[in-house]
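Okay, so here's the structure we're looking at.
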Number of protein chains: 2
Amino acid sequence: MKKTILVFGGISIAILLLLQISKWSMWSFGSSGFHWVFIVGPAFLVLGFVLAKLFRRPSIGAYRPVQLPKNEVNLSSQEFKVLSLMAEGLSNLEIAESLYITESTVKTHVSNVLSKLNARRRTEAVKIGRTLKIIP
Amino acid sequence: MKKTILVFGGISIAILLLLQISKWSMWSFGSSGFHWVFIVGPAFLVLGFVLAKLFRRPSIGAYRPVQLPKNEVNLSSQEFKVLSLMAEGLSNLEIAESLYITESTVKTHVSNVLSKLNARRRTEAVKIGRTLKIIP
DNA sequence: GTCGAATTGGAACTAAAGTACCGATGCCAA
DNA sequence: TTGGCATCGGTACTTTAGTTCCAATTCGAC
C-alpha cells in the first residue's frame, strides 16, 4: 500500500516536473514548435509500453495452457512405474534402484514419459499425470 | 521504492539535460521544430519502459499465505508461492518470471522450502507439501 | 529507534536432470 | 519372418537444480 502511494507520488512529481520543464522550455524556445512534445511524447510513451511488453521474456511455460495429450496417453508398464515413483519424489537413481535397472534406463523412460505427456520437467509430468488421473 | 524515485528523478534530470543540450545545439537542427522528436521521443520511450515495468508488478497476487495451525512447518509468504508454482511444474526461471523476481531469489526460496520441509528434491517437496495439506 | 525475520539478489560452485543418438535383445501380431 | 514396440543400457552433451556463502534492504513488532 505504501508502495503504491509512493509510486503514484513519484509519478505525480515526475509529471509536475515535466510540466515545469515544459513551461521553462516554452519560455526558452519561444515558438519553435514545442507542441511536438504533446504529439511525439505520448506516441513514444505508448511505443515504450509496447516495446517493454515485447522485450519481456516470452515466459514459455508460465502461462502455457496445459494441452492434454489426445485423450489416450499410452504409457508402457515401466514408464508408468517410473512416473509413479517420480511423483513420490524419488531421484532417477532411487527409481533405478527401486526397479533394479540402471539410471541410464530410467533416464530413457523419463524422457519418454515427458515426451508422451508433453511435459518438459518431471514436476510438470507429475502434475499432468495427476490431471489426467493416471496417478493419484 | 527508493529505486523508483531515483529512476524518476534520473529520467527528469535526463530530460532536463537533453533540453539543455538541445538548447545549445538548436541552430544545427533548422527551425522546423522537428528535432523535438529526437529529444522527447527517447525520453518518453524510456518513461514508457519504466511505467510498463511498474504497472506489471503488483497484479500477481491470488496467493494467500496460509498460516499453518500446527505442523512445525511454517513457510513464509514467498516460500509458499514458490512451492505452489513448483507443484504446477514450473522451472525456477518460470517461477521467477511469475513472481517478478530473479532466478537467484527463487533458488534461495526453493532451498529454504526444501530445508523446511526436509525434502531433498522439489518433487519430494511437492509430495510432502501435499501430504501436509499445505498445497492441494 | 532497534532488532529479527523476510525478501531480494549475486557468485561460484556441485549435483542432478534431461537430450540426442546409438545399439542390442525379446516379444508379438500380421 | 518381419516390422513395430518395449525394455535395457551406454556415451556425450547441455541445461536445471540445488548448495553455500555472502550482503543489502525492507518490514513488522516491541
Side-chain angles (χ1 to χ4, degrees), chain A residues 1-7 57 59-62 72-83 85-126 128, chain B residues 1-7 53 57-58 60-61 63 65-68 72-83 85-128:
Chain A
M1 206 44 75
K2 286 178 183 175
K3 278 185 183 178
T4 311
I5 295 173
L6 280 176
V7 167
R57 215 174 322 196
S59 79
I60 314 145
E72 195 63 36
V73 183
N74 245 332
L75 293 183
S76 71
S77 169
Q78 285 294 80
E79 285 164 358
F80 171 74
K81 290 178 189 172
V82 167
L83 176 59
L85 294 175
M86 276 198 294
E88 292 300 308
L90 300 194
S91 69
N92 287 340
L93 222 191
E94 290 167 345
I95 294 173
E97 289 167 349
S98 294
L99 298 178
Y100 302 106
I101 55 181
T102 67
E103 194 185 354
S104 296
T105 309
V106 174
K107 284 188 176 184
T108 303
H109 290 325
V110 168
S111 266
N112 290 333
V113 169
L114 295 185
S115 172
K116 287 186 179 179
L117 292 183
N118 198 26
R120 278 159 307 148
R121 278 166 292 283
R122 47 176 48 217
T123 45
E124 196 181 5
V126 168
I128 293 176
Chain B
M1 242 347 99
K2 282 181 182 175
K3 278 184 187 174
T4 310
I5 296 173
L6 281 177
V7 167
K53 231 186 167 58
R57 271 187 161 262
I60 250 301
Y63 295 98
V66 176
Q67 290 295 333
L68 298 179
E72 295 292 323
V73 186
N74 212 346
L75 296 182
S76 73
S77 169
Q78 286 293 80
E79 287 163 358
F80 172 74
K81 291 178 191 171
V82 167
L83 176 59
L85 294 176
M86 273 198 294
E88 292 299 309
L90 301 194
S91 68
N92 287 341
L93 221 194
E94 290 167 345
I95 294 174
E97 289 169 348
S98 294
L99 298 179
Y100 301 106
I101 56 181
T102 66
E103 196 184 354
S104 295
T105 309
V106 173
K107 284 187 177 184
T108 303
H109 290 323
V110 169
S111 266
N112 290 334
V113 168
L114 295 184
S115 171
K116 287 185 179 180
L117 292 183
N118 197 28
R120 283 166 303 157
R121 277 166 294 281
R122 49 173 47 215
T123 45
E124 196 180 3
V126 168
K127 188 200 179 273
I128 293 175

Without decimals, in angstroms, what is the distance between [X] [atom1] and [N] [atom2]?
X	N	atom1	atom2	answer
E103(A)	dA12(D)	CD	P	16 Å
R121(B)	dT16(D)	CZ	C1'	15 Å
E124(B)	dA16(C)	CD	C1'	14 Å
N112(B)	dT19(D)	CG	C1'	11 Å
K116(B)	dT7(C)	NZ	P	8 Å
Y100(A)	dT7(D)	OH	P	18 Å
L117(B)	dG18(D)	CG	C1'	15 Å

- request: Give a yes or no on whether the backbone of S111(B) and the side-chain of S115(B) come within a donor-acceptor separation of less than 3.5 Å.
  value: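 Between the backbone of S111(B) and the side chain of S115(B) there is no qualifying donor-acceptor contact (under 3.5 Å).
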
message: Tell me whether E124(B) contacts the main-chain N or O of R120(B) through its side chain, where contact means a donor paired with an acceptor under 3.5 Å.
response: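 Present.
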
- prompt: Which of residues 104-111 of chain A sit near DNA chain C, with a heavy atom under 4.0 Å from it?
  reply: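 Contacts with DNA chain C under 4.0 Å: K107(A), V110(A), S111(A).
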
query: Side chains of T105(A) and T102(A): donor-acceptor distance under 3.5 Å anywhere?
result: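 Yes.
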
Whether [X] contacts [N] is assessed here as follows: a side-chain N or O lying under 4.0 Å from the phosphate OP1 or OP2. Is that the case?
X	N	answer
N92(A)	dA17(C)	yes
T102(A)	dG9(D)	yes
R122(B)	dG18(D)	yes
Q78(B)	dT8(C)	yes
R120(B)	dG18(D)	no

Do the non-hydrogen side-chain atoms of [X] and [Y] ever get within less than 4.5 Å of each other?
X	Y	result
V106(A)	L99(A)	no
L75(A)	K116(A)	yes
I101(A)	H109(A)	yes
V110(A)	V82(A)	yes

query: From dT8(C), dT16(D), dG9(D), pick the nucleotide closest to the side chain of I101(B)?
result: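 Of the candidates, dT8(C) comes closest.
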
- request: When you get a sec, tell me which of dC8(D), dG18(D), dT7(D) is the closest nucleotide to the side chain of L114(B)?
  value: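 So the nucleotide nearest the side chain must be dG18(D).
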
- prompt: Which residue lies toward the 5' end of DNA chain C, L90(A) or E79(B), if each is placed at its nearest nucleotide?
  reply: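 Here E79(B) is the residue nearer the 5' end.
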
